[in-house]
Amino acid sequence: MTQKLTPSASPLPPPGRDKPSKEGYTEGLMTQAASFTARLNPPQARAVSHSQGPLLVFAGAGSGKTRVITYRIANLIARHQVPPHRILAVTFTNKAAGEMRERLEHLIGPKVARDIWVGTFHATCSRLLRRYAADVGLTRDFVIYDDSDQHAVIARVIKDLKYDEREVNPKNMLGRILKEKQEGRGPGDMVAQGFQGKTLQEVFAGYERALKLANAVDFEDLIGHMMRLAESKNLPAGQELRNCFDHVLVDEFQDTNQVQYRLVRALVPRTRNLCAVGDDDQSIYRWRGGDVRLIRNFRNDFPDATVVKLEQNYRSTARIVRAALAVISPSLEREPKQLFTQNEEGSRITVVTARDEHDEAAYVTGRMRQLLDEGASPDQLAVFYRIHAMSRVLEESFRIARIPYRVIGGVRFFDRAEVKDLLAYLRVLLNPRSDVDLLRIINVPARGIGESTLARLTEMAAERGCSLYDALGPTADSPTLAAAPRKKLATFLDLLNSYRRFATTLTPSKLAELIFSDTGYKHSLEEENSAEADARLQNIKELIGSMREYEEEMAEAGEAATLASYLERVTLSTSAEEAKDQKQVSLMSIHSAKGLEFDHVFVLGLEDGIFPYERPGDEDGSDLEEERRLAYVALTRARKQLFLLRATNRTLFGFSRPNPPSRFLRDLPRHDVSLIVTENAALPGRRAPIRPMPSWSSGSSFHSARPASPPSRRFPEERQVEPDPSSFLDESGLPRKGTRVIHQRFGSGTITAVDGISSPPRVTVYFPSWGEKKVLLEHLKLG
DNA sequence: GTACGTTCGATTTTT
DNA sequence: TCGAACGTAC
């Protein structure tokens with residue numbers, strides 16, 4: 001046995017195990033080590049072979065980032081003899097963590113890869129927090145509250161504090177509290193100003209108290225608790241944590257928030273072996289706490305950091321890379337980088353001007369059909385939009401055209417009421433102090449525990465300063481309650497306690513089944529006999545199925561499928577929607593597109609107001625900066641072909657309004673763009689030709705209830721407008737200066753200025769006999 | 001306790 | 001426009 005490489009007493013064993021593997025880690029890997037760097041370009045190789053001290057990698061879109069991280073880890077293990085379980089690699093999504101793990105297994109073998117700490121910030125911290133729960137005043141069985149749980153807690157706190165709910169909005173409060181927490185502040189040290197600040201502070205303090213009392217943490221706490229432990233100078237846990245890892249690597253570093261940053265920094269005090277990999281140009285989660293300054297100012301905290309820039313793009317055509325670079329370049333304060341590629345030129349980027357969202361959808365649908373007919377694989381086609389609400393029109397169009405699609409994001413499986421109900425039962429059994437869960441199920445299905453009974457119970461819990469569950473017992477001899485409600489509460493308590501006995505003996509799926517039938521929940525759904533109830537039954541079936549799957553999976557890995565581990569997994573992972581079949585076109589928001597790539601990409605709604613999305617109060621323009629980065633992310637997802645669409649008129653949230661083209665379109669390099677104007681787009685000066693009403697063919701009357709698009713709108717009847725300098729419109733669809741135009745009242749004139757922002761669009765025109773006039777674009781014709 | 005009408009509000013989303 | 005979330009009436 002080669003023991004020499006296994007470390008002596010290590011504070012932390014490999015994830016999920018007691019002891020590190022006994023095998024010599026580097027056996028057989030040494031020979032591979034040389035080949036790691038052979039397949040890399042020079043900057044990639046520099047990042048991979050760097051072994052000591054801070055490292056900052058700016059990884060441009062499609063520059064082989066994951067490859068660099070995984071190779072670097074392999075290199076650390078094989079060449080520098082770093083024990084795998086002393087390496088921590090954190091990501092933001094489970095998907096990214098899974099991919100990293102998979103590639104590591106491939107590279108260095110499953111046995112070695114298994115010992116590396118690879119996971120999301122939250123999963124990693126959750127695992128560590130189970131170990132150190134006592135140090136932060138929790139028990140090992142703490143539960144994790146998701147947003148709706150958080151919302152419920154806040155609402156209760158506001159009510160308890162007797163605030164007027166109209167004055168103190170729970171959503172708003174929660175948002176502010178999360179922001180404080182993401183920046184590492186508690187109710188005590190937040191920057192509270194004025195009346196608003198005082199209120200916030202009270203609610204914040206109440207919220208924190210409620211969580212502690214419930215033995216619960218929110219997502220921020222998972223990281224916050226670990227950060228405070230790791231930073232603490234006096235606690236033994238702090239000492240231990242600071243000695244756990246020899247190397248910490250962070251992926252998507254531009255998305256880290258203050259707390260996450262402080263945590264990883266605290267974990268490597270001795271070695272300062274922190275490797276940050278990210279791209280400030282792709283920082284799009286500011287509203288979630290992500291702070292792009294952390295990557296940009298990394299060198300302030302680590303002045304000796306080695307900086308590597310990966311600028312060669314291996315994903316997209318040259319035209320796409322140029323366009324993306326042109327869109328991001330006007331960004332202020334960005335780290336200087338020049339994305340480039342050796343890939344072929346590729347086809348021009350198509351900028352399409354449609355009349356409205358239906359016209360836009362018709363174009364996309366037509367093109368999709370064409371691409372599919374030409375043999376493109378549906379899973380290589382994607383449509384992105386800024387807001388989910390924009391998917392509906394496209395969906396209708398796709399459905400009529402029978403284009404198979406799936407929408408990513410939106411309503412999630414684990415947000416369904418019945419799923420949450422059943423999970424709440426399970427969580428209460430594990431951690432009865434969780435008030436939010438208890439309140440959720442105390443009367444589901446109906447057991448006659450109504451509002452007034454609950455008020456009593458809540459009151460009693462408040463008097464005793466205990467959880468609702470702990471207040472249940474004493475209600476038995478409470479004089480303030482009538483006999484009937486007392487009995488009901490007692491029955492409920494008995495029910496919970498009897499289930500609790502099964503919590504450790506039954507598997508999660510069996511327990512869930514038991515609860516579902518035994519409580520009468522199942523029966524009540526079956527009785528209802530409606531389509532909705534059927535769907536709910538189906539969802540529960542699916543939930544229990546997912547539990548069984550989980551149990552099988554754990555059995556294969558030789559681990560125990562406990563209730564606690566299942567619940568943790570459920571709250572820390574999104575949904576089961578991944579890995580569906582590959583025969584569908586993907587529709588998603590640009591945010592969810594990050595990290596993905598497709599051959600052909602359509603981006604909808606390139607209009608000022610929509611994308612960049614505009615809302616009041618962006619004085620410093622930082623929102624606009626982030627929108628620009630979002631545009632960069634959207635463009636860099638495409639491998640071969642990119643379609644950017646805009647509608648001159650768009651109805652959204654019930655309001656129809658004309659939108660000027662997105663300012664981002666104006667940044668595109670003219671020679672890499674083809675302009676298309678759909679047949680229906682009523683462009684200023686060129687009215688859409690009046691066509692005879694098309695006669696409906698017999699076949700299409702099937703959908704006559706609401707014909708989405710008359711045949712006249714069908715692709716490919718569009719005009720192509722070459723970006724020629726004499727054209728009335730420039731490449732962003734705006735009129736050019738110097739263009740001769742005719743106005744009905746003022747006669748002929750020349751455009752002297754263009755207002756690209758206003759909506760509806762206006763231009764300034766010099767009319768020889770009237771002087772300069774500002775007029776609406778739609779009143780002009782080409783002269 | 002449920003069924004229905006009404007209001008309100010509506011980027012982006014992981015964990 | 002549309003959906004969820006809330007309040008009122010049975």
Side-chain angles (χ1 to χ4, degrees), chain A residues 90-97 119-127 129 144-152 155 165-166 169-172 175 178 181-182 217-224 252 255-257 259-260 283-290 357 384-393 396 408-412 414-417 443-454 524 528 530 532 568-575 578 588-595 605 609-616 618 623 626-627 629-631 633-634 650-657:
Chain A
V90 276
T91 62
F92 276 88
T93 64
N94 292 300
K95 199 172 157 217
T120 63
F121 265 105
H122 298 272
T124 305
C125 287
S126 175
R127 175 161 261 158
L129 194 56
I144 303 166
Y145 278 0
D146 68 10
D147 355 338
S148 69
D149 301 324
Q150 292 171 33
H151 190 87
E165 273 215 39
R166 277 164 305 181
N169 172 266
K171 222 179 197 172
N172 180 273
L178 291 183
K181 293 183 86 163
Q182 282 158 357
V217 295
D218 60 21
F219 290 125
E220 274 62 41
D221 287 336
L222 285 172
I223 297 156
E252 305 280 11
D255 290 333
T256 47
N257 65 33
V259 176
Q260 289 159 339
S283 163
I284 55 172
Y285 285 112
R286 193 169 72 115
W287 49 278
R288 221 164 73 183
E357 66 275 13
F384 306 153
Y385 32 77
R386 184 62 183 79
I387 347 178
H388 279 302
M390 290 165 69
S391 74
R392 213 195 78 241
V393 176
E396 278 168 16
I408 314 267
V411 203
R412 291 177 299 176
F414 288 104
D415 282 343
R416 311 267 163 75
N443 204 29
V444 175
R447 354 185 127 80
I449 301 178
E451 207 178 319
S452 53
T453 313
L454 272 183
S524 73
E528 206 179 303
S530 66
E532 294 92 64
E568 168 161 326
R569 156 107 136 220
V570 155
T571 23
L572 289 183
S573 74
T574 346
S575 65
E578 290 297 337
M588 68 188 88
S589 71
I590 302 167
H591 282 88
S592 16
K594 201 176 93 167
I610 302 287
F611 190 19
Y613 194 83
E614 228 167 80
R615 81 207 124 289
D618 178 32
D623 287 349
E626 183 147 317
E627 295 290 315
R629 297 194 289 264
L630 197 54
V633 168
R650 183 177 299 276
T651 306
L652 200 62
F653 302 136
F655 293 103
S656 173
R657 63 168 195 195

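Computed from a predicted structure; not experimentally measured. In what follows, chains carry the letters A, B, and so on, assigned in the order in which the sequence lines appear, proteins first and then strands, with residues in each chain numbered from 1.
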Sub-3.5 Å donor-acceptor pair from the side chain of A/E357 to the main-chain atoms of A/M390, do we have one?
no
May I ask you to decide if A/G654's main-chain N or O and A/T651's side chain share a donor-acceptor pair within less than 3.5 Å?
no
Using 4.0 Å as the upper bound for N to carboxylate O, is an ion pair formed by A/K594 and A/E252?
yes
Just call it for [X]: base, sugar-phosphate, or nothing, with non-hydrogen atoms closer than 4.0 Å on any strand.
{"X": "A/D255", "answer": "nothing"}
{"X": "A/S126", "answer": "nothing"}
{"X": "A/F92", "answer": "sugar-phosphate"}
{"X": "A/Q150", "answer": "nothing"}

I need the [atom1]-[atom2] distance between [X] and [N], as an integer number of Å.
{"X": "A/R127", "N": "B/dT15", "atom1": "CZ", "atom2": "C1'", "result": "16 Å"}
{"X": "A/H122", "N": "B/dT13", "atom1": "NE2", "atom2": "P", "result": "16 Å"}
{"X": "A/F655", "N": "C/dC2", "atom1": "CZ", "atom2": "C1'", "result": "13 Å"}
{"X": "A/Y285", "N": "B/dT13", "atom1": "OH", "atom2": "P", "result": "7 Å"}
{"X": "A/M390", "N": "C/dC2", "atom1": "CE", "atom2": "P", "result": "16 Å"}
{"X": "A/H388", "N": "C/dG3", "atom1": "NE2", "atom2": "C1'", "result": "15 Å"}
{"X": "A/R416", "N": "C/dG3", "atom1": "CZ", "atom2": "C1'", "result": "15 Å"}
{"X": "A/F121", "N": "B/dT15", "atom1": "CZ", "atom2": "P", "result": "13 Å"}

Return whichever of A/I387 or A/F219 has its heavy-atom-nearest nucleotide of DNA chain B closer to the 5' end.
A/I387
Between A/G654 and A/I590, which residue's closest nucleotide on DNA chain B lies nearer the 5′ terminus?
A/G654
Euclidean distance for C1', B/dT14 against C/dG3 (whole angstrom):
23 Å
Measuring from the side chain of [X] (C-beta onward, heavy atoms only), which nucleotide among [options] has the closest atom?
{"X": "A/H591", "options": "B/dT13, B/dA10, B/dT11", "answer": "B/dT13"}
{"X": "A/T93", "options": "B/dG1, B/dT11, B/dT14", "answer": "B/dT14"}
{"X": "A/Y613", "options": "B/dT13, B/dT15, B/dT11", "answer": "B/dT11"}
{"X": "A/R288", "options": "B/dT14, B/dT15, B/dT11", "answer": "B/dT14"}
{"X": "A/F653", "options": "B/dT11, B/dT14, B/dT12", "answer": "B/dT11"}
{"X": "A/K171", "options": "B/dA10, B/dT11, B/dT13", "answer": "B/dA10"}

Compare the ring of A/W287 with the six-membered ring in the base of B/dT12 and state whether they stack (centres under 5.5 Å, planes under 30°).
yes
Any side-chain N or O of A/N94 under 4.0 Å from OP1/OP2 of B/dT15?
yes
Looking at A/S589, I'd like to know whether one of its side-chain N or O atoms comes within less than 4.0 Å of OP1 or OP2 on B/dT13.
yes
Does A/R392 make a side-chain donor-acceptor contact with the base of C/dT1, cut-off 3.5 Å?
no
Is the charged tip of A/R288 near the ring of A/Y285: under 6.0 Å from the six-membered ring centre and within 45° of its axis?
yes
Can you name the closest pair of heavy atoms from A/A97 and A/T120 and give their distance?
CB-N, 4.2 Å
In terms of ring plane angle, is the pair A/F92 and A/F121 parallel, tilted or perpendicular, where the classes change at 30° and 60°?
tilted
With syn defined as a glycosidic angle within 90° of 0 and anti as the rest, where does B/dT11 land?
syn
